[in-house]
Visitor: 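Sharing a structure here in structure tokens format.
Just follow the structure's listing: the first ligand is 1, and inside any ligand the first atom is 1. FYI, side chains are in, hydrogens and waters are out, and symmetry mates aren't considered; it's all heavy atoms of this structure.
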Amino acid sequence: MKLTYSQYDLKLRHTFTISRSSRDISPVVLVELEHEGIIGYGEAAPSRRYGETVETVQAFLSRLDLKQFTDGFQLESILDYVNGVEEGNYSAKAAVDIALHDWLGKKVGLPLWRYWGLDPSKAPLTSFTIGIDTPEVIERKVREAEEFPILKIKLGGSNDEEIIRTIRKVTSKTLRVDANEGWKTKEVAVEKIKWLEQEGVEFIEQPMPAEDLAGTAWVRERVNLPLVADENSLRLHDVPSLQNAFDGINIKLMKCTGLREGLRMVHTALACKMKIMIGCMIETSVAISAAAQLTPLLDYADLDGAILTTNDPFDGVKIERGRLMLLDRPGIGVTKKG
Ligand code: MG
């Protein structure tokens with residue numbers, strides 16, 4: 001099988017700010033895996049949080065020798081090989097995993113959700129993300145997001161109270177809060193969450209720095225909102241260790257190396273009686289449509305990465321009033337735009 005890849009710069013509709021960074025362009029690496037005349041699409045959206053850039057993704061992909069594999073159904077062997085080439089490189093590994101799954105679905109002529117026996121009508125609603133910003137911009141973004149029934153609000157900067165007050169002036173819809181590790185002490189986290197309990201918030205994502213798992217467990221004993229791990233929940237082996245500090249996990253293909261491990265995380269979290277969310281980075285419809293295949297198994301979805309951009313080169317899963325419309329197309333269900 002033959003792997004090719006190239007950088008693609010996704011343009012953001014609005015400058016996107018979270019507690020640790022701000023940007024207008026988000027570069028990704030698009031991947032094509034060709035075998036027996038079928039092309040599988042994949043994508044890596046590298047995250048600096050995990051030491052990744054477009055350059056590290058391309059360097060990793062250049063080291064792969066997929067020509068040694070002649071049977072495209074041998075996902076376990078192929079992905080075990082990819083995983084073993086070097087530590088880390090989660091998003092580059094996810095790109096290969098997504099492309100292989102897309103290839104496999106196309107080869108058997110089935111959407112992955114159907115191949116896995118899932119009912120697309122069970123997919124949860126997806127939230128729409130509002131980044132950290134000034135009250136004027138926040139208000140405009142909330143109005144623009146009118147069709148979305150659930151908003152995910154980025155906090156953990158210097159103006160949390162102002163952001164929530166601004167949003168609550170405009171809408172009473174359900175909010176989910178993502179602090180992106182921005183509350184640096186357990187006392188601050190408890191204080192913020194206690195206040196958010198009165199503001200119609202459904203859960204809190206990653207309140208504290210990932211390295212302070214004990215602090216997060218301390219917070220969890222003192223608040224009434226569920227806590228969902230994101231920066232603490234990278235790969236399969238992380239899941240059991242999070243049971244005391246969090247009520248749920250946020251799975252992202254770009255952290256967990258793709259659909260194969262993502263599916264294992266779902267089952268592990270179920271065994272741990274944890275809630276399961278699937279999230280995304282700023283991504284094209286390739287990675288978003290891949291992640292969407294798993295959603296009928298999950299409690300929460302946050303798959304707005306592609307709709308935050310203006311130049312998505314692919315057509316894939318559609319979002320209508322927050323509903324993820326899984327298509328009856330083989331593989332991950334994407335086509336290149338003309
Ligand atoms: Mg998050």
Visitor: Who else is in the cluster with Leu125 when I, L, V, M, F, W and Y are joined by side-chain contacts under 4.5 Å?
Guide: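 Result for Leu125 is Ile150.
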Visitor: Please check: side-chain N/O of Glu283 versus main-chain N/O of Gly305, any donor-acceptor pairing under 3.5 Å?
Guide: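 A pair under 3.5 Å: no.
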Visitor: Tell me, with the steps shown, if Trp183 and Asp160 meet side-chain hydrogen bond (donor to acceptor under 3.5 Å, both in side chains).
Guide: CA-CA 10 Å; Trp183 300 329; Asp160 292 348; 2.9 Å; yes
Visitor: In Glu205, which N, O or S atom comes closest to the Mg ion (ligand 1)?
Guide: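 The Mg ion (ligand 1) is closest to the Glu205 atom OE2, counting only N, O or S.
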Visitor: What is the name of the N/O/S atom of Asp178 that is nearest to the Mg ion (ligand 1)?
Guide: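 That would be atom OD2.
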Visitor: Identify, with sequence neighbours excluded, every residue that meets side-chain contact (heavy atoms from CB on, under 4.5 Å) alongside Arg49.
Guide: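 For Arg49, the residues satisfying side-chain contact (heavy atoms from CB on, under 4.5 Å) (neighbours in sequence not counted) are Arg20, Ser47, Glu181, Ala210, Glu231.
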Visitor: Identify, by name, the N, O or S atom of Asp230 lying closest to the Mg ion (ligand 1).
Guide: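 Answer by atom name: OD2.
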